[in-house]
Amino acid sequence: MDRFHLINVFVAVVDTNGFAGAARKLNMSPPAVTRAINELETHLGLRLLTRTTRTVRVTDAGERYAQDCKRILAEMLEADESVSGMHSSPKGRLTITAPVLFGRMYVTPVVTEYLTRYPEVSASCMFLDRVVNLLDEGVDVAVRIGELPDSTMQAIRVGQVRRVICAAPDYLAKHGIPISPDDLHAHTIVSASSVTPNPEWKLVEKGEPRSIRLQARMITTTNDSAVAAAVGGLGLTRLLSYQVAEHLRTGKLKALLPDFEPAALPVHVVHREGRQASQRVRAFLDLAIERLRMDATLN
């Protein structure tokens, strides 16, 4: 019995949520995957997976065993890389995810520098305004904005961003500058949201949280278009500070109600490999952490 082969098949089944997915991933036939799992369960004397005609679920024992197997496989990969000299030259494919605008503005320059530095690595960038599951979608590194839920993922804080209400000077000259949250109701609102047509802006007034529900005149599903509408003088919008940093610097937008801003949101670089991270992941993490921490707009 090749124990390495069996646990490799088991981890593939867990990661792909099924026998067919594992077969495709490992270039095996589905019956061969089934035989490997049966052999492993017989050897252990316990059920790792529960199967129906439609689903495959991991048992509690299987979940614990899968975590141990992943650690063992990672340590074996680490040993292979160390002895083969891969530590001096990262190789393979790296998959990174980040929010769309953050990815374009901050992650793409890091990826470009990284690929230039390490010619034997290729990269896949998933820039999406949704939370990508690193395990399910095979992602190595993610940038997360906001407080993180409890997780087994490794997270390194690299900066912070603020929620900024802003508008173009021309708009403010015509309609006045709001000086309190209540003044927002008198203004045209541009909302970057696909969730609700009536945005609710959470602010802080006299040290206490306060929510202001507004009627949006324009609703858009992209932050870029909200920025463009605000710069064009349509009205007020609320975005993260990095998304409007350049327009604030050049004076195309003016920040409003800064004394009512809630606490800043942390920015983390997240990965799932712990200390067993491959060289290509570690090299990217080192570069990304250094570059993001140096950026003034994230401090």
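Only a predicted model underlies this, so the values are computations on that prediction, with no experimental measurement involved. Numbering of residues begins at 1 and proceeds along the displayed sequence.
By the rule that hydrophobic residues join a cluster once side-chain heavy atoms approach within less than 4.5 Å of another member, Val158 and Val281 end up as members of one cluster. Residues Phe127 and Val267 fall within the same hydrophobic cluster, defined by Ile, Leu, Val, Met, Phe, Trp and Tyr side chains chained together at heavy-atom separations under 4.5 Å. Using a 4.5 Å cut-off between side-chain heavy atoms of Ile, Leu, Val, Met, Phe, Trp and Tyr, with links allowed through other members, Leu256 and Ile212 fall into the same hydrophobic cluster.
Residues Ala264 and Arg162 share a closest heavy-atom pair of CB-CG, 4.2 Å. Nearest heavy-atom pair across Pro99 and Val143 is CD-O, 3.7 Å.
Residue Val270 is tested with Val141, Leu148, Ile156, Thr97 for a side chain to side chain contact (heavy atoms under 4.5 Å, CB included); the sole match is Leu148. Tested against Phe10 for a ring-ring contact (aromatic ring centres under 6.0 Å, His included), the candidates Phe4, Phe19, Tyr65 yield a single pass: Tyr65. With Val139 as the partner, the side chain to side chain contact (heavy atoms under 4.5 Å, CB included) test is satisfied by one option alone out of Ile96, Val132, Leu94: Val132.
In this structure, Arg57 places its CZ atom where only 12 or fewer heavy-atom neighbours from other residues, nucleotides or ligands lie under 6.0 Å away. By the neighbour-count criterion of 12 heavy atoms within 6.0 Å, atom CZ of Arg217 is sparsely surrounded, having that number or fewer from other residues, nucleotides or ligands. At most 12 non-hydrogen atoms from other residues, nucleotides or ligands lie less than 6.0 angstrom from CG of Asp60.
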Show the atom names and distances, to 0.1 Å, of all donor-acceptor pairs under 3.5 Å that link a side chain in residues 222-232 to residues at least two apart or in another chain.
unit_1	atom_1	unit_2	atom_2	d
Thr222	OG1	Ser225	N	3.3
Thr222	OG1	Ser225	OG	2.7
Ser225	OG	Thr220	OG1	2.2
Ser225	OG	Thr222	O	2.9

Identify every side-chain donor-acceptor pair in residues 24-31 under 3.5 Å, counting partners at least two apart or on other chains, and give the distances.
unit_1	atom_1	unit_2	atom_2	d
Ser29	OG	Ala32	N	3.2

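Under the 30°/60° scheme for interplanar angles, the aromatic rings of Tyr171 and His187 are found to be tilted. Between Tyr242 and Tyr106, the two ring planes are perpendicular [angle over 60°; tilted spans 30° to 60°].
Applying the side-chain hydrogen bond (donor to acceptor under 3.5 Å, both in side chains) test to Thr116 and every residue at least two apart in sequence or in another chain returns nothing.
Taking 4.5 Å as the limit, every side-chain heavy atom of Leu236 sits out of range of all side-chain heavy atoms of Leu214. A 4.5 Å side-chain heavy-atom check between Val107 and Cys125 finds every atom pair outside the cut-off. A 4.5 Å side-chain heavy-atom check between Ser122 and Leu115 finds every atom pair outside the cut-off.
When only modelled atom types and interatomic distance are considered, Gln67 and Arg64 share no side-chain donor-acceptor pair under 3.5 Å.
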Verdict with supporting geometry, Val9 and Leu40, side chain to side chain contact (heavy atoms under 4.5 Å, CB included):
CA-CA 10 Å; Val9 172; Leu40 182 60; over 6 Å; no
Arg280 vs Lys91, test: side chain to side chain contact (heavy atoms under 4.5 Å, CB included). Steps then yes/no.
CA-CA 6 Å; Arg280 69 178 178 277; Lys91 300 177 182 178; over 6 Å; no
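Between the CD atom in Glu246 and the CE atom in Met105 there is a gap of 8.0 Å [rounded to 0.5 Å].
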